[in-house]
Amino acid sequence: MPLKEVSPSSDELRRENERLRRRLATLEAKLQRGGAPSLDGAARSSVTETSAATVDAAEPAADQGTAAETAESPDDGGFHRQLLDHIPIQIAVLDPQLRYTYVNLASLDDAAQRRWILGKTHRDYVKAFSLDPTLAEQRQEWMRRAIDGGKSVTYEESRPGADGITRLILRSHTPIFDAQGQLLHLFGYGVDITEHKEFVRRLMEAQKLDAVGKLAGGVGHDFNNLLTAILGYCQLLASEVDQQPKLSRYVNSILTAGHQATTLVRRLLAFGRQQHLETRRLDLNQVLRELRDLLAPTLGENIELVYALSDAPVHIEADPSQVQQVILNLAVNARDAMPDGGRLVLASRWLDTEEESQTLNSAAAGRQEAPYGWVELTVVDTGLGMNEATRQRIFEPFFTTKSQDTGPSLGTRAGLGLAAVYGIIEQSGGRISVRSSPGEGSVFRIVLPAAETEIEEAAPPPQTNRPGGGSEIILVTEDEETVRIFTCEALRTFGYVVLEAVDGVDAMKVCQQHDGPIDLLLTDVVMPRMGGQELATKFVAARPQTRVIFMSGYTGSTSDRRGNLDADIPFLAKPFHLDALSRLVRQELDQKKAPQ
């Protein structure tokens with residue numbers, strides 16, 4: 001049977017054309033509801049003509065096209081609606097009269113409210129739910145700006161959250177126009193950026209405190225060098241004027257002022273995380289118990305001291321004296337916040353849940369990890385509390401709300417008590433935060449890396465007797481002239497033979513040119529051309545029998561005994577007492593003489 005071309009009849013073409021017109025109208029309606037501009041007359045005719053001209057007479061092909069459309073274009077109650085509802089962003093669409101035509105689940109999770117708001121304005125919503133009317137006016141103003149300007153506008157909006165906490169929302173409104181420039185829809189979205197803003201604020205605060213800490217460390221280093229010479233010469237002078245009461249009184253007054261300055265500098269270095277820490281494993285609970293007898297009289301009879309310690313020991317690795325300073329400073333701060341009495345609670349616990357450990361390790365980016373977990377010390381008072389502006393500044397050095405004639409020490413009167421606490425905790429690998437509001441007291445939360453469970457025995461207290469001097473040869477290497485002259489003078493009064501060098505390069509020249517032995521190298525850590533660590537390495541390589549002592553007024557990362565410096569080499573922190581100098585020098589020289 002011969003094949004022939006089969007052409008559809010005119011009735012079939014008419015029916016197919018009508019079917020395509022209905023499909024096109026349905027598709028346009030969906031596009032308009034989704035925010036796309038409508039097709040103008042020319043475009044509609046072009047689509048219709050093209051579709052009609054290319055219609056295949058075979059009905060199965062048309063059926064396949066209908067099925068594809070159904071698969072790729074879910075109905076309004078299906079895929080698209082579910083997709084928008086599961087986006088964690090507030091999405092809304094308004095008509096040209098600024099009435100809501102769509103809101104997603106993130107905007108209103110109550111189904112009845114979502115149905116009610118359709119066709120209503122934002123003013124209607126604010127009025128119905130008794131919200132702040134200025135919120136509606138502000139948002140309406142931003143919507144009008146977007147429409148009048150013909151482009152998106154973005155702004156930040158504060159509004160009360162369901163939990164009573166003010167939330168910060170980043171909002172944007174985008175107008176959608178048709179081909180003739182007529183407004184079809186106003187599309188808007190909102191993103192809750194409260195946590196992001198808080199993170200940025202904390203980051204900026206940490207960066208500010210870090211910058212101030214570096215400045216404090218540099219100032220502390222220079223002050224320590226000056227105080228080393230001032231206090232040292234006063235101590236030498238005091239031994240010469242024992243029989244002259246008037247002069248002795250003057251010298252003692254200078255020494256007292258110098259020691260107060262030393263305390264201030266020590267707090268500056270603590271804030272700058274540049275203190276020299278003698279860490280060991282200890283039980284935080286035991287430290288708190290040992291301080292009870294000291295805290296009670298410090299707080300006074302009108303303040304109740306409550307301990308809420310964990311049943312199990314809380315092990316940390318820290319400097320015991322610095323931990324005590326943290327607790328005492330926080331207690332004194334709490335006492336001053338409770339002039340009419342109150343309660344101070346000291347609590348400790350292990351943070352042993354996996355969720356808490358992961359959160360803390362993640363938040364401690366750039367800091368040491370905590371392989372043994374984290375422990376928490378909480379200090380809670382029922383005092384006056386503080387507003388947000390004060391709370392954000394309490395760890396800044398020299399910031400204080402106390403009068404200048406109160407406080408137990410120069411450091412706290414100068415506004416360095418909490419600054420020192422901040423620095424000690426940071427340098428110990430932990431962090432501190434505070435929660436407070438006026439009239440509701442304050443909660444200081446300290447988190448520290450836990451240590452292994454073994455507790456080291458406390459080192460025996462150092463001997464207080466001043467050992468005698470000697471006749472050995474000591475090389476003093478110090479770039480600060482006043483400190484070098486004083487140190488050499490002090491060692492000579494003890495009977496030692498003293499050589500001098502202005503830096504590491506100069507000291508190596510002395511090492512090469514001096515014919516006799518050099519029993520001890522006493523060197524500063526931070527010096528130009530060649531620092532103390534490099535000098536010690538080269539010097540001992542050339543003279544293996546020489547003992548070494550490091551000294552520095554800048555005990556930060558450049559001279560951390562646990563880091564860059566040799567942990568076996570003793571360290572003398574500036575400003576040092578003559579007794580400490582003579583004792584350590586004698587100790588090292590005796591070690592040299594001891595049989596190996």
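From a predicted model like this one, the values you see are computed outputs, not experimental measurements.
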Review point. Between Thr546 and Ile518, is there a donor-acceptor pair closer than 3.5 Å when you use the side chain of the first and the backbone of the second?
Key: yes
Review point. Does the side chain of Tyr250 reach to within under 4.5 Å of the side chain of Leu237, using non-hydrogen atoms?
Key: no
Review point. Tell me, do Leu288 and Leu377 make a side-chain contact under 4.5 Å, heavy atoms counted?
Key: yes
Check your understanding: Any side-chain donor paired with an acceptor under 3.5 Å for Gln587 and Gln591?
Key -> no
**Study point:** Distance-only side-chain donor-acceptor flag, Thr477 / Thr523, under 3.5 Å
**Key:** no
Practice item. Would you indicate whether the side-chain heavy atoms of Phe539 and Val548 approach each other to under 4.5 Å? Key: no
**Study point:** Arg492 and Glu500 ion-paired at < 4.0 Å
**Key:** yes
**Study point:** Residues Arg547 and Glu472 bridged, charged N to O under 4.0 Å
**Key:** no
**Study point:** Verdict with supporting geometry, Glu588 and Leu520, side-chain contact (heavy atoms from CB on, under 4.5 Å)
**Key:** CA-CA 8 Å; Glu588 285 304 299; Leu520 177 69; 4.3 Å; yes
Practice item. Could you tell me whether the side chain of Met338 reaches within less than 4.5 Å of the side chain of Asp381, counting heavy atoms only? Key: yes
Review point. Among Val306, Leu295, Val380, whose side chain to side chain contact (heavy atoms under 4.5 Å, CB included) with Leu346 holds?
Key: Leu295
Exercise for review: For residues Leu418 and Leu330, determine if any side-chain heavy atom of one lies less than 4.5 Å from a side-chain heavy atom of the other.
Suggested key: yes
Practice item. Salt-bridge test for Asp524 and Arg484: reply yes if a basic N is under 4.0 Å from a carboxylate O, no otherwise. Key: no
Check your understanding: Does the cation-pi check pass for Arg445 over Trp374, that is, NZ or CZ under 6.0 Å from the six-membered ring centre and within 45° of its axis?
Key -> no
Review point. Do Thr228 and Met551 touch side chain to side chain, with heavy atoms closer than 4.5 Å?
Key: no
Review point. Heavy-atom distance under 4.5 Å between the side chains of Leu521 and Leu535, does that happen here?
Key: yes
Review point. Side chains of Leu581 and Leu522: does their closest heavy-atom pair fall under 4.5 Å?
Key: yes
